Amino acid sequence: MPPQKERWPASWDDADGLTPAQRVRAVVHAITDGTTARPGQLRGLPVEMILEVERDQRAPMADAYREFLSLIGGGAGRFMQGSDVYHPQCLGLGTAARELLEENDSPFRFEPTDRVFFMHQGYQFEFLRGTGPDPEVCSYSEGVHGDIPARTRASFTEWLRAAADTEIPVWKHYAETVREEVNADGTITAYWN
């Protein structure tokens with residue numbers, strides 16, 4: 001696996017460099033390292049399912065998020081395992097986020113352009129804010145920042161890259177310390193080295 005600084009194309013930070021779609025593809029390429037995900041584990045969504053995700057919330061769908069759905073919207077191996085980010089778990093996230101805010105008496109209200117795309121364990125969610133091709137990401141976590149979301153990344157692709165930068169070394173370490181066997185019933189048994 002390349003060191004983190006070599007994992008991303010040099011043009012990533014260049015203002016005239018990569019398009020949002022190219023940035024998403026760069027992240028998908030990076031996570032397809034054989035450990036975080038293998039090529040056969042990348043499950044893109046067909047157009048009909050992307051439209052289902054788009055219709056699930058009234059907010060516009062950003063180009064970068066649409067590319068994410070087309071490439072890995074159905075799953076990507078271990079990447080973001082345990083979080084609601086893939087289809088069909090991503091359906092209803094807007095409603096779930098509103099309910100969480102209400103439960104916590106948060107004064108925050110979504111804008112019409114906000115699209116919730118990620119929820120973790122029912123206490124944390126991420127949403128896109130804005131109408132551009134690669135909008136900023138705001139995050140809410142129960143009991144943090146006075147129960148008001150905060151801007152966490154300048155763009156969806158920056159958020160996605162940060163997730164990859166966090167998870168790739170974790171799964172590499174896991175693969176080096178755990179041996180997995182697939183049982184006859186399809187379950188996996190982990191043996192720690």
Side-chain angles (χ1 to χ4, degrees), residues 18-32 36-37 39-142 147-164 167:
L18 303 177
T19 67
Q22 290 170 322
R23 289 171 138 223
V24 172
R25 288 193 292 274
V27 172
V28 171
H29 177 74
I31 65 166
T32 312
T36 309
Q41 295 175 316
L42 304 179
R43 296 183 325 206
L45 296 181
V47 172
E48 310 82 55
M49 286 184 175
I50 293 172
L51 289 172
E52 179 184 17
V53 173
E54 185 171 11
R55 288 188 296 262
D56 183 57
Q57 297 179 48
R58 287 187 249 188
M61 184 177 285
D63 295 347
Y65 182 55
R66 184 181 307 280
E67 185 72 6
F68 167 84
L69 293 173
S70 74
L71 295 175
I72 59 171
R78 294 178 168 123
F79 187 57
M80 292 193 276
Q81 199 175 64
S83 296
D84 296 333
V85 66
Y86 299 120
H87 186 277
Q89 290 79 17
C90 66
L91 299 174
L93 290 183
T95 300
R98 284 175 179 77
E99 289 171 356
L100 180 60
L101 290 167
E102 189 176 304
E103 270 176 37
N104 291 302
D105 295 321
S106 174
F108 177 80
R109 298 295 173 258
F110 285 109
E111 293 180 8
T113 60
D114 294 343
R115 175 176 288 275
V116 180
F117 67 91
F118 174 96
M119 185 169 267
H120 185 72
Q121 305 280 318
Y123 72 89
Q124 175 187 353
F125 64 84
E126 311 277 340
F127 64 97
L128 302 173
R129 171 156 276 182
T131 59
D134 195 6
E136 70 181 9
V137 174
C138 297
S139 179
Y140 173 84
S141 190
E142 201 168 37
D147 278 319
I148 296 176
R151 180 179 177 265
T152 52
R153 297 286 173 191
S155 67
F156 174 72
T157 55
E158 287 294 331
W159 177 87
L160 193 59
R161 176 181 167 169
E167 290 195 30

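Owing to the predicted nature of the structure, the values given are computational and were not obtained by experimental measurement. Computed over heavy atoms, backbone and side chain alike; hydrogens, waters and symmetry mates excluded.
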Query raised in the report: For Pro20 and Ala64, which heavy atoms make the closest approach, and how far apart are they?
Result: CB-CB, 3.8 Å
Query - Atom pair CZ (Phe118) and CD (Gln89), whose distance is rounded to the nearest 0.5 Å - result: 12.5 Å
Report summary line: Correct closest heavy-atom pair for Ile50 and Met61 would be O-CE, 3.9 Å
Report summary line: CG of Leu69 to NE2 of His87, rounded to nearest 0.5 Å, is 9.0 Å
**Report entry** Minimal non-hydrogen separation, Pro60 against Thr113, with atom names
**Finding:** CD-CA, 3.9 Å
Query raised in the report: Between CD of Gln57 and CG of Leu128, what distance do you get to the nearest 0.5 Å?
Result: 9.0 Å
Query raised in the report: Distance from Leu100 atom CG to Met119 atom CE, nearest 0.5 Å?
Result: 5.5 Å
Query raised in the report: When the ring centroid of Phe127 is compared with that of Phe117, is the distance short of 6.0 Å?
Result: no
Query raised in the report: Taking it one step at a time, do Val53 and Cys90 satisfy side chain to side chain contact (heavy atoms under 4.5 Å, CB included)?
Result: CA-CA 7 Å; Val53 173; Cys90 66; 3.7 Å; yes
Query raised in the report: Any side-chain heavy atom of Val28 sitting closer than 4.5 Å to one from Leu42?
Result: yes
**Report entry** Distance-minimising heavy-atom pair for Phe79 and Glu167
**Finding:** CA-OE1, 3.4 Å
Report summary line: Tightest non-hydrogen contact, residues Pro135 and Ala62, listed as CD-CB, 3.3 Å
**Report entry** Inter- and intrachain pairs under side chain to side chain donor-acceptor pair (under 3.5 Å), touching residues 19-28, at least two apart
**Finding:** Thr19-Gln22, Arg23-Thr157, Arg23-Glu158, Arg25-Glu67
Report summary line: Contacts of Tyr86 meeting ring pair (Phe, Tyr, Trp, His ring centres under 6.0 Å) (sequence neighbours excluded), chain-then-number -> none
Requested in this report: Side-chain contact test, heavy atoms from C-beta onward, threshold under 4.5 Å: evaluate it for Val116 versus Glu126 and give yes or no.
Outcome: no
**Report entry** Short N-O contact, Glu54 and Arg66, less than 4.0 angstrom
**Finding:** yes
Report summary line: Residues Gly82 and Gln121: closest non-hydrogen pair is O-NE2, 3.8 Å
Requested in this report: Mind telling me whether Tyr123 and His120 have parallel, tilted or perpendicular rings, with 30° and 60° as the class edges?
Outcome: perpendicular
Query - Interatomic distance, Leu101 atom CG to Ile148 atom CD1 [nearest 0.5 angstrom] - result: 10.0 Å
Report task. Answer yes or no: is there a side-chain heavy-atom contact under 4.5 Å between Val137 and Arg151? Result -> no
**Report entry** Flag side-chain contact, heavy atom, 4.5 Å: Leu160 against Met80
**Finding:** yes
Query raised in the report: In chain order, what residues pass the ring pair (Phe, Tyr, Trp, His ring centres under 6.0 Å) check against Tyr140, with sequence neighbours excluded?
Result: Phe125
**Report entry** Full working for salt bridge (Lys or Arg N to Asp or Glu O under 4.0 Å) between Arg129 and Glu111
**Finding:** CA-CA 8 Å; Arg129 171 156 276 182; Glu111 293 180 8; 3.7 Å; yes
